[in-house]
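The structure under discussion appears below in the form of structure tokens.
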Amino acid sequence: MEVVTQLNCTIWDSILEQTKVAQEQGSDPFLWSIQVSSNLSSFGISLPSLELAIHLVSHICWENNVPIAWKFLEKALTLKIVPPFLVLGLLSTRVIPYRRSCPAAFRLYMELLKRHCFSLKENTNLPNYQKTMTMLDKVLHLSQKFSLQANEASDLLVLYIFSIAWQLVDATLDDEGLLQLTEHEPKWPVKPQDDMDVDCHNMYEEKKKEYQERLQIINTAMSIELILIGQFLQNKVTSRILYLARENMCTHWESFIQRMQLLVENSSALRNSKSITPEVLTQLISDTHKIKSQNFQASLLKEFHLVVQSRPLVHSAGLCLGTSRSGLWLPLDMLLEDAMDGSQVNATSAVEIITGLVKSLQAISATSWHEIFLGLWMAALRLVQRERDPIEGPVPRLDTRLSMLLSITTLVVADLVEEEESVITNELEYGLASKRNVPGKRRMALIFSLQNIHDYQSLLTPPQSVIPAANQAAAKAMMFISGINVSSTYFECISTMDMPINCSGNLHHLIVEACIARNLLDTSAYFWPGYVNGRINQLPHNVPTQVPGWSSFMKGASLTPVMVNALVSTPASSFTEIEKVFEIAVNGSNDEKIAAATILCGASLIRGWNIQEHTVYFITRLLSPRVPVDYSERENHLISYAPVLNVLLVGIAPVDCVQIFSLHGLVPQLAGSVMTICEVFGSCVPTGEEISAHVVFSNAFALLLKLWRFNHPPIEYGVGDVPPVGSQLTPEYLLLVRNSHLVSSGNFLKDPNRRRLAQVASSSSPKPIFVDSFPKLKVWYRQHLACIASPLTGLVNGTPVHHNVDTLLSMMFRKIGRGNQSVTIVTSGSSSSSGPGSEDRYLRPKLPAWDILEAVPFVADAALTACAHGRLSPRELCTGLKDLADYLPATLATIVSYFSAEVTRGVWKSVFMNGTDWPSPAANLSNVEEQIKKILAATGVDVPSLAAGICTPASLPLPLAAFVSLTITYKLDKASQRFLDLAGPALESLAAGCPWPCMPIVASLWTQKAKRWSDFLVFSASRTVFLHSNDAVIQLLRSCFSTTVGLNTSCCISSNGGIGALLGHGFGSHFNGEISPVAPGILYLRVYRSIRDIMFLREEIVSLLMQTVEDIVQVSHPKDMSQKLKKSKYGSVSLAAALTKVKLAASLGASVIFLTGGLGLVQSLIKETLPSWFMSIHRSEQEGVKVGIGLLPMLRGYALAYLAALCGAFIWGIDTSSGAASKRRPKILGCHMEFLASALEGKISLGCDLATWHAYVSGFLSLMVRSTPSWICELDVELLRRLCTGLRRWNEEELALALLGVGGVGTMGSAAEMVIETSF
């Protein structure tokens, strides 16, 4: 080894001596280079030589810093005797720190950069390239500086180019005295790091100080121009190399850009430059100056993206009639309308769902935040206008829609603004988690969108019930701009009618007030043009100084009955007010607690839009009161809270209130609190107290059952490889979600909505809750599932359950037993109860509620069996069941459970609804049937089985007949409403599962009972048609597609297409004395939850989308225009219109799949359906459809690409913070990408048109690159390389490069190789 080392030293000593001699003799650099090359070859050293590069740079710096030495070095670079990359890297560490003392050397270094740094293709093909880059890594410490494990030469090349640019920027900043303004120290030295005195001026005989200073100024200017004009940011190759650094080293790039921005803002050399301006530099470093990856070869794809990004929303019709740009926000309208379905609550906050959808639409559509905010506000306004006068029935009404507009939508916007303005610093990088506020573009976009809303007066007209609140908001703004300072007391004392000037307000004023309350705006909004009608000079006289209301309450007034009524009827206007009520509910006297609970459940819950999130949180916390510190009683502490708990349970029982809790994401937390109440009060024996345990339990139990789909079978059709849909709202699932909020509370969460939910979960109960925590509830729940799964068994003589069954039967049918003849009631397999008895025996038993519920299935079975065998008349059966439900209203749920199970088993005979034994529907059955036909016909659905009419006499299965007869015995009053709200959906589900025409018969019976509910009942009956016929579902969807794109000439709503045609005005208002036509979208949104097998929708949606695209092309480009289109490259105007409709149709398809099947259906579509479709031969290929020439196949491909991208974005989110669903994304997306890669490689045979395939692949991948780059980072590196290879065969190099560029550090090197190879 020593011999080898000595030999090497001898070689390099000889070379350096040869160089010095040539230097002294002034030899020709070319001759010198030939001699050196020859000597190295004789020693067996391959060229270019890394060792020679090191020795030559050391030779020059600094003992031989003379012109001839630099010429030798330049010639060695030119002839590739030394590797240019290594020489430039070595020089950067030597020359840049001494650029002030050696300005000529720095100038020469930059000249060498200009000549040799940009010849990347030539230099990467040199021998010893890998060794060169490895040596560069050691010299510049690239891997260490950028915190990357880069071993491949192409990876190191990206770091090398980035490092050279970085060093030049730091040097320029230092020269202009700006470096100290940067947040971080330079990565490489820009000043001498030792005390070595380098006197370059004597060597060059530069004796004039003026010359030195002038050269330094020239160098600084040249450095800037080298960064910019010298091709680093403008050269095709190096700019794309830096693009790769930006995409994959975000933290370092951000620091680099901060340095560049300092140059833009402060550099005098830049301002004085004749070659570059600060504006040009700003454009070069901006986020929008990316690799031009959207300039793909296919001209139609360019047009596709232009349509995505063009025609602003602000010029589109507010009602969205027609397929305008505004129609692209259709998923928002459908999601908001879907949330109004009272038959289903959601365990996930509407804020979270809408926020994710908004971000997905913004990314996929590549639109501005101003436009997406405006689209969101308009969708919420349309939601309110769609049901200004909603139909009567047990469904959410206007209050829920207003909450969506003024509370939920405002919270969504607030969270999006906070997300941008709150920058969370990476704890690993900076050593702590800090938070700093930065100016946000989203807040400004919000302001502009709110100002634009004023132009849509048709959407801003307030419903009648909201006019007073809107007028008060307008009056408040008018007084403010008039300089009149009045307190809220003033508005409590007067009406806006008393104002001396018109103070008519609208929904715009309420939206602005909601934003001000959440610190999104300030009072400067009052000065917006046209916001108020003028100013006032004086206030009305003779105004009372004090009335009962929030102002007097805040001043200390006591909660008298008059005060309580005032606070219940008027919503609180601030958090302080509602917080004081909550404090009284916690710490006040018993009467004060009840009064406070009543106030919280009043107008502040329903119409307190500015503080609604706080109100629902306070109510939820009150339902889980903490154990007092000094509590020593033996009974559970909740018993003493019974009056307050009952007020809360009754107060939040209405449908609108339950939906408001659902919108705010509090269903899981509410379920956990109510389960605790049920467990405690259901175990208590009722006493003679006014608020008995039975009352509290029944109210709590009825509320609990509304929070999960208890009236649906627990085992439904599974979707793909995810759990069955029915499992998503079981008690276990609700508690699991609730516990996840609790776990999250220990972490610092970026998501404001999740922080809110975590705070509520931890404050209510800091420990996890499981079903096992409630043994009594668990027993009932298991019995409920067993009752549905199999016939009723298990009642044993002599057991407590058997005794309770006898007791309850005796109570229910005591009048029969005291008659002249004895009636025996036999339970399933078992007991009997007969004969007369003493009056005391038939008094209502004192049993705990859980014991009663355990016996009810057997009681119902015995009663139904007796009726079937003639031992009980139908009237006696219904009377007995009603007595049981009156005794314990919670039994209604178990009766529903039992009857539902028995109907599905089909073992009970049908009974004739003849008006004698059972109520008759004959009075209006034919009318109901006709209205059902009209509803279906209006949406383009033709069901032949309805044409024959309903046979008479009408009949129903015995359990259904008993249940409907039971429900119509209830009065339609407030006391019964909460139990009818429970029984109603169950009755509908029960009747819908029976053969047609059971549901029309039920609707007819209930229409006789509640005529004002007739529209709702008829509409509900029409929905069941789709449960029995998949063909009807397909017809309805076909109508949705054709109506949306404006191709449905038979639609009664609108022929212009768009959101207005799809969703119309909702349903309920009458038209010429009859129920008005229902838009197909509304009907589908109220139908799809009843579809048991949703898997068939995958193929049908794709098929309908393809048919719709064909229809669009036929209408937009008829056959006689084919040649004209061919010559005009499809015709820009007609093509743009067609593309807009195609996107709209794909958007509708994605919305339907997302809402109907969620995660499972979307993943099955991407993993199975789309690959199968591409491999199949379709009708158009078989028949040779020639409409639109090659336009149709390409539009089909783009439609499928948009469908797939939207579906994935909706369900997975666009980033890595989208919850549990995003964790399944890499697997499913990886399978789909594997299919694409295999097909591109020819391993899979395709049956579709190749133009369709090309358009789909390029369209889908380009949408991923532009909108969801985080998806690509999760894919296998080798898989991405295979995709890029296939794309390059199509000459799609730009797309291939873009795909690799955002694929993460693993693909960065491959992308760099492609950049260099193709010399973009």
Side-chain angles (χ1 to χ4, degrees), residues 307-308 311-313 316-340 353-354 356-367 371-383 385-386 404 409 456 459 939 1036-1048 1051 1053-1066 1079-1086 1088 1101 1104-1105 1108-1109 1112 1137-1156 1162 1198-1199 1202-1211:
V307 172
V308 173
R311 292 189 294 281
L313 176 64
S316 301
L319 292 176
C320 288
L321 294 175
T323 56
S324 63
R325 164 74 165 155
S326 58
L328 299 180
W329 310 125
L330 178 145
L332 280 174
D333 284 79
M334 292 195 68
L335 177 65
L336 298 186
E337 185 62 51
D338 182 64
M340 297 299 105
I353 297 173
I354 297 171
L357 190 71
V358 166
K359 292 167 71 174
S360 297
L361 286 174
Q362 192 273 336
I364 296 294
S365 299
T367 188
E371 192 169 359
I372 191 68
F373 282 151
L374 185 57
L376 176 60
W377 288 120
M378 293 176 67
L381 285 167
R382 285 191 293 268
L383 180 75
Q385 299 299 338
R386 203 173 288 129
M404 179 66 85
T409 302
Y456 302 95
L459 290 177
T939 54
L1036 179 58
L1037 284 172
R1038 182 178 295 112
S1039 179
C1040 288
F1041 275 94
S1042 59
T1043 300
T1044 301
V1045 297
L1047 300 177
N1048 190 351
C1051 181
I1053 305 298
S1054 170
S1055 60
N1056 297 321
I1059 297 171
L1062 177 68
L1063 299 179
H1065 53 68
I1082 290 289
L1083 187 56
Y1084 182 79
L1085 290 176
R1086 300 296 177 261
Y1088 75 82
I1101 293 294
L1104 288 171
L1105 178 59
T1108 303
V1109 172
I1112 291 170
L1139 279 170
T1140 300
K1141 291 185 178 182
V1142 168
K1143 275 178 51 64
L1144 192 58
S1147 178
L1148 172 62
S1151 302
V1152 169
I1153 292 173
F1154 166 61
L1155 293 174
T1156 305
V1162 169
Y1198 296 140
Y1202 201 71
L1203 173 75
L1206 273 181
C1207 283
F1210 290 168
I1211 206 70

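Within the 4.5 Å cutoff, the side chain of Leu1085 has heavy atoms near those of the Leu1155 side chain. Between Leu330 and Leu1063 the shortest side-chain heavy-atom distance does not fall below 4.5 Å. Between Thr1156 and Ile1101, every side-chain heavy-atom pair lies at or beyond the 4.5 Å cut-off.
Here CE of Met378 is found 11.5 Å from CD of Gln385. Values are rounded to the nearest 0.5 Å. In this structure, NZ in Lys1143 is found 7.0 Å from CG in Leu1206, a value given to the nearest 0.5 Å. Here the CG atom belonging to Leu357 is positioned 12.0 Å from the CD atom belonging to Gln362, to the nearest 0.5 angstrom. Rounding to the nearest 0.5 Å gives a distance of 6.0 Å between CG of Leu332 and CG of Leu376. Here the CD1-CG distance, from Ile1153 to Leu1203, works out to 5.0 Å after rounding to the nearest 0.5 Å. Taking CG from Leu1144 and CZ from Phe1041, the interatomic distance works out to 10.0 Å, rounded to the nearest 0.5 Å.
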Step by step, would you call Ile372 with Trp329 a side-chain contact (heavy atoms from CB on, under 4.5 Å)?
CA-CA 8 Å; Ile372 191 68; Trp329 310 125; 3.3 Å; yes
Test side-chain contact (heavy atoms from CB on, under 4.5 Å) applied to Met334 and Leu1062, step by step
CA-CA 9 Å; Met334 292 195 68; Leu1062 177 68; 4.0 Å; yes
side-chain contact (heavy atoms from CB on, under 4.5 Å) evaluation trace for Val1142 with Leu1105
CA-CA 9 Å; Val1142 168; Leu1105 178 59; 6.0 Å; no
Evaluate the criterion side-chain contact (heavy atoms from CB on, under 4.5 Å) for residue pair Cys1040 and Val1152; output intermediate values, then yes/no.
CA-CA 10 Å; Cys1040 288; Val1152 169; over 6 Å; no
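With sequence neighbours excluded, the residues satisfying side-chain contact (heavy atoms from CB on, under 4.5 Å) with Ala1204 are Leu1170, Tyr1256, Phe1260. Listed by chain and residue number, Met404, Leu663 satisfy the side-chain contact (heavy atoms from CB on, under 4.5 Å) test with Ala339 (two or more places apart in sequence, or in another chain). Residues satisfying the ring pair (Phe, Tyr, Trp, His ring centres under 6.0 Å) test with Phe1210, not counting sequence neighbours, are Phe1154. Take Leu1036 and apply the side-chain contact (heavy atoms from CB on, under 4.5 Å) test, not counting sequence neighbours, and it matches Thr939, Val941, Phe1026, Pro1080, Leu1083, Tyr1084.
The shortest non-hydrogen separation linking Ser365 to Tyr1202 is OG-OH, 3.5 Å. When all heavy atoms of Asp333 and Ala379 are compared, the pair lying nearest together is OD1-CB, 3.5 Å. Taking each heavy atom of Ala1061 and Ala1079 in turn, the nearest pair found is O-CB, 3.9 Å.
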